[in-house]
Amino acid sequence: MAIDEKSANTVTNTDAARPGDERYDAQAVETKWFERWQQDAALYAAEPDSAKKKYYVLEMLPYPSGELHMGHVRNYSIGDALARYMWMNGYNVLHPMGWDSFGLPAENAAIKNNTPPREWTLRNIANMKAQMKRLGFAYDWAREVTTCLPDYYRWNQWFFLRLHERGLVYRKKSKVNWCPKCATVLANEQVLGNGCCWRHEDTLVEQRELEQWFVRTTKYAEELLRDLDRLEGWPEKVRIMQRNWIGRSEGTLVDFKLEGNAGPAGSTINVFTTRVDTIFGATSIQLAPEHPLVADFTRHNQPLGDDVRKLIEEQRKAKESGDIGEIEKHGVNTHRLAINPFNGERIPIWIANYILMDYGTGAIMSVPAHDDRDYDFAKKYNIEIRLVILPVGNDPEETMTEPKLPFTAHDGMLVNSGPYSGLSCADAIRKMAAYAEEKGFGKATVTYRLKDWGISRQRYWGTPIPMLYCAKDGIVPVPDKDLPVILPGNVDITLTGGSPLERVPEFVNATCPKCGGPARRETDTMDTFVDSSWYFYRYTDASNDHAPFDSKTAQYWFGDCGIDQYIGGVEHAILHLIYSRFWTKFMRDLGLITNDEPVERLFTQGMVIKDGRKMSKNLGNTVSPDEMVARYGADAARLYSLFAAPPDRDLDWQDSGIEGIRKFLGRVYRFFVRTVRTGAGGPTPSGLPPEARTIQRKLHQTIKRVTDDFQGRWHFNTCISAIMELMNVLYASEEAISRGIVPAPFLAEVQRSLVLLIAPFAPYLAHELWEMLGEKGSLLKASWPRYDAELAKEEEIEIPVQVNGKLRSRVLVSADADETTVLERALADEKVKASIAGKQIVKKIYVLGKMVNLVVK
RNA sequence: GCGAAAGUGGCGGAAUUGGCAGACGCACCAGACUUAGGAUCUGGCGGGUAAAACCGUGGGGGUUCGAGUCCCCCCUUUCGCACCA
């Protein structure tokens, strides 16, 4: 039946022959409210207001692929429920949305459909925005950020210039994936497991060295690591992942001189080790195949050069296929010697496939007795294994006896180590590092796994890097006044080689701002992670055209601790969230903001699974939000995505489940249709009849459960169960209600509270019911219901009685009954009597309000 | 290999602090209403039994009056990291 205000507000036919026919027409109701909401653009607007407490709730912005998927719906349903809850609690809520709209898929789509990336992207945005609006998400669209538009990306360029001024961005040669058939650069994701191009499955991808721009994220490595301890509102999992990614490692750098004429005169091999205490046990040096010295060794040694090339190839393949770590260890002996600076010993220099050039110094001292990998290698090539650490421990049997090799524990004692013999490992590390530093051949140091961030992309659809190359003045930054450097349209992005922008003379040819002569523009664009590193600051002041944002405004919304609640997928635990943290620290040092961290609380929601696998287009097991909205309505789709599992866990999508939610919404609606009496307000009378008291108790229990979950653990699935239970109680009381036993003002209070409770989860239905109740004000401005602990209390409770820990009976007692009374009642119970007959009670346990346990013998 | 999370009915899941295992929902079964029911309302629903007893939270031990929850060992799944020197 079609819903209009008239019929909804009328006392509905309780004597209808077929009560089930009062069906909830979700489409009609949702369309009505959808249209109303479209007419009020400022519905969810927020402005800084020092009189109110702010709350910044943010969901990760989507890539505009064209369609929302269920993962999005779930993510935004969580954030929207929270935003609405905070609104109803009187907070000044900032809840924005935007588009992470640069990136490769737009270029692929352009090639496939012959559509310019910009057009394709903006069309997708329009579609997804419409989907979001139809789902009823309460975003302040006036703050929409679209990263591919010049009013946003000009500030990427502005930040790039600031980084450049501070030496935080630099140029370095680096390897990129290059497909000879495509004649272009590939992203890592476009290189298949077998090392071939995704478009040419028979063509091996090559590595090419190109000059690229790097952001010096490592400058903040220490702070990024240290501040992780402060992020108590983040999942431990994410903090661990970031800690591992940063990969701080304390150790010692030691120079080994080359003997005789090995290598260029006076050259040394710089080794990084965390175990300098084992250096007297070093029996070889191992170099990464790509170590710079290797070229010297192979220059006049053809066979060695061939072997090294094999090692390089092996390593590269293993890295690409992801099973580096499992490949068989191989190496070649250079037959050169290096000198251990601690004891003057000559040890052979090898080149090995298990040494990585991009960690430490690309060279290690090999101590087979005390390292698993070195041990394997030494066994294979018959290199000496020399024990220099003995175990010391609580067990005298083990102490100072020869351990099973390799012995890798680092709480032992040194032996065979000259003057250091007898020291503990920890002491030896300190003393040996100090000695190395004093003698000038080494020092204690810290290395990180974290690398500087390469941001150059040989791609079209990204932010142009604002740099110029002048024959006379070299590398020259574009002056601020010339920003933005606009990304040209009408660019041929078919894969014919090189960066697409190189083929646009109007773009490439520029004038040097220093000398006025001709200059060539940088044709690489920025990694899209730059866009998402600071977008949430832009939301605070999205249309600012003279700065990325106003500092004061940003300060209001970020406060000291950042975004109050950030919600997104765990797949962004590392890259996006490390870059964002870096960018925040950089902006703080720039004086733009005062917070040290961007996000105070982070919530990572689980994936949406169907038929046991992640929902994805490739697997063909997707569920379309549009279809769900058309069949069940937005409320049902949202409610189900919250009901089916706790939000931090994976959600197993079942079509039959959403059906159940649809029924529930109808049940709520029908209850209102049958029971709402207009003008039934007024204070709830005291001394309610028992039928009403039952409802009141359940109501207050429900408010408590839902409120507690919002405040704490966010298990919205149990919130919704609680509301369902309340509905069940109301249905059970329907006779009392229709007979007028439940006082009308109290019933009105129940109805009002019920609407407020479901408002964060099912806004369409909530608004319809709110109106049905005759409420005029905005539902978002209504106050969240409060519970009264006294009213929530049960008057009578059922106490289970156990005998020897086994449930034997239950007794009903008043809630304030004391121990004596409860035990008396328990002992008087027939079933209890029967099970303790002939036995002696040795102990009586009563847990207040919980249970009785009688221990008998 | 290292680290993290998880394992509960036919299914999704509840049990927040050591205290009635299976809330809520799906599916299923029965009843009511009905010209009709794929609507609606009500009831039932871990295994087992005539009813009880008894058994039951991946497996095995343990602590406790009492364990899904705590401790030890093991198995499985998922995720992250991984020759990181």
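Note that the structure is predicted; figures quoted are calculated from it, not measured.
Counting any heavy atom pair closer than 4.0 Å across all strands shown, A:R808 reaches sugar-phosphate atoms only and no base atom. Residue A:D650 is classed as a sugar-phosphate contact, given heavy-atom separations below 4.0 Å to backbone atoms only. As judged by a 4.0 angstrom heavy-atom cut-off over every strand, A:Q711 is placed among residues making no nucleic acid contact. Residue A:D376 is out of contact with every strand shown, counting any heavy-atom pair closer than 4.0 Å. Base contact: A:M851 has a heavy atom under 4.0 Å from a base atom. In this structure, A:R667 reaches the sugar-phosphate backbone alone: every heavy-atom distance under 4.0 Å involves primed, P, OP1 or OP2 atoms, never a base. Counting any heavy atom pair closer than 4.0 Å across all strands shown, A:V855 reaches sugar-phosphate atoms only and no base atom. Residue contacts shown for A:G660 are limited to sugar-phosphate atoms, with no base heavy atom under 4.0 Å away. Within 4.0 Å of A:N853, counting heavy atoms only, lies at least one base atom of the nucleic acid. Contacts of A:F643 with the nucleic acid, taken as non-hydrogen atoms under 4.0 Å apart, include base atoms. Across all strands, A:I355 comes closer than 4.0 Å to base atoms (heavy-atom distances).
Residue A:F716 contributes atom CZ, which lies 18 Å from atom C1' of B:rG25 at whole-angstrom precision. Put simply, CG on A:N244 is 13 Å from C1' on B:rC79, counting in whole angstrom units. Between A:I246 atom CD1 and B:rC84 atom P there is a gap of 19 Å when expressed in whole angstrom units. Rounding to whole angstrom units, CE of residue A:M607 and P of B:rU78 are separated by 11 Å. Separating the NZ atom of A:K806 from the C1' atom of B:rG56 is a distance of 11 Å, rounded to the nearest angstrom. A straight line from CG of A:D372 to C1' of B:rG1 spans 9 Å, rounded to a whole angstrom. A:Y375 places its OH atom 19 Å from the C1' atom of B:rA85, with the value rounded to the nearest Å.
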Would you give me the side-chain donor-acceptor pairs under 3.5 Å for residues 636-649 of chain A, sequence neighbours excluded?
{"residue": "A:R638", "atom": "NH1", "partner": "A:D80", "partner atom": "OD2", "Å": "3.3"}
{"residue": "A:R638", "atom": "NH1", "partner": "A:L135", "partner atom": "O", "Å": "2.9"}
{"residue": "A:R638", "atom": "NH1", "partner": "A:G136", "partner atom": "O", "Å": "3.1"}
{"residue": "A:R638", "atom": "NH2", "partner": "A:D80", "partner atom": "OD2", "Å": "2.5"}
{"residue": "A:Y640", "atom": "OH", "partner": "A:Q654", "partner atom": "N", "Å": "3.1"}
{"residue": "A:Y640", "atom": "OH", "partner": "A:Q654", "partner atom": "O", "Å": "3.4"}
{"residue": "A:S641", "atom": "OG", "partner": "A:R638", "partner atom": "O", "Å": "2.9"}

*Check against side chain to side chain contact (heavy atoms under 4.5 Å, CB included), A:R248 and A:V446*: CA-CA 7 Å; A:R248 184 180 196 275; A:V446 175; 3.6 Å; yes
_Stepwise ring pair (Phe, Tyr, Trp, His ring centres under 6.0 Å) check, A:F716 with A:F603_ = CA-CA 14 Å; A:F716 299 128; A:F603 188 89; 8.0 Å; no
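Of the candidate nucleotides B:rU42, B:rC84, B:rG80, B:rU42 has the atom nearest to the side chain of A:Y731. The side chain of A:N353 lies closest to B:rC83 when the candidates are B:rC83, B:rG19, B:rC81. The side chain of A:P646 lies closest to B:rA14 when the candidates are B:rA14, B:rC20, B:rG25. Listed candidates were B:rC41, B:rC84, B:rA14. Nearest to the side chain of A:R713 is B:rA14. In this structure, of B:rG12, B:rA85, B:rG80, it is B:rA85 that holds the atom nearest to the side chain of A:R373. If you check B:rA85, B:rG3, B:rA21 against the side chain of A:F272, the one that comes closest is B:rA85. Checking B:rG13, B:rC81, B:rC24 against the side-chain heavy atoms of A:E725 singles out B:rC24 as nearest. Comparing B:rC26, B:rC24, B:rA39 by their nearest atom to the side chain of A:R23 picks out B:rA39. The side chain of A:L356 approaches B:rC84 more closely than any other nucleotide in the set B:rG19, B:rC84, B:rA27. The side chain of A:K663 has B:rU40 as its nearest neighbour among B:rU40, B:rA85, B:rC20.
When the C1' atom is used for both B:rG68 and B:rG22, the distance is 11 Å, rounded to whole Å. Between B:rC81 and B:rC70, the two P atoms lie 28 Å apart (nearest whole Å). The P atoms of B:rA67 and B:rC71 are separated by 15 Å, rounded to the nearest whole Å. B:rA5 sits 42 Å from B:rU42 when the P atoms are compared, rounded to a whole Å. When the C1' atom is used for both B:rA4 and B:rA51, the distance is 49 Å, rounded to whole Å. Taking atom C1' on both nucleotides, B:rU49 is separated from B:rC33 by 36 Å, rounded to a whole Å. Between the C1' atoms of B:rC65 and B:rG46, the separation comes to 26 Å (whole Å). Taking atom P on both B:rG48 and B:rC41, the two are 31 Å apart, rounded to the nearest angstrom.
Glycosidic torsion of B:rG9 falls within 90° of 0, placing the base in syn.
A:F761 contributes atom CZ, which lies 10.0 Å from atom OH of A:Y85 (distance to the nearest 0.5 angstrom).
Closest approach of A:V623 to A:K610, counting heavy atoms only: CG2-CD, 3.7 Å. Across every non-hydrogen atom of A:N270 and A:D255, the tightest pair is ND2-OD1, 2.7 Å. The minimum heavy-atom distance between A:G849 and A:I797, with the atom names listed, is CA-CD1, 3.9 Å.
Using Watson-Crick or G-U wobble geometry with both donor-acceptor distances under 3.5 Å, B:rU76 finds its partner in B:rA6.
Cation-pi check for A:R449 over A:W245 is met; the charged atom lies under 6.0 angstrom from the ring centroid and within 45 degrees of its normal. Relative to the ring axis of A:Y731, A:R667 places its NZ or CZ within 45° and under 6.0 Å from the centre.
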Protein-nucleotides 7-9 of chain B N/O pairs under 3.5 Å:
none

Between the protein and nucleotides 44-49 of chain B, list every N/O to N/O distance that falls short of 3.5 Å.
none

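A salt bridge links A:R739 to A:E735: one of the charged nitrogens lies within less than 4.0 Å of a carboxylate oxygen. A salt bridge links A:R713 with A:D709: at least one charged nitrogen is closer than 4.0 Å to a carboxylate oxygen. Salt bridge annotation for A:K833-A:E830: present, with a cationic side-chain nitrogen under 4.0 angstrom from a carboxylate oxygen.
Counting distance only, with no hydrogens placed and no angle test, the side-chain atoms of A:K850 and the base atoms of B:rC20 include no donor-acceptor pair under 3.5 Å.
Note: A:Y381 and A:Y375 fail the aromatic proximity criterion, with ring centroids not under 6.0 Å apart.
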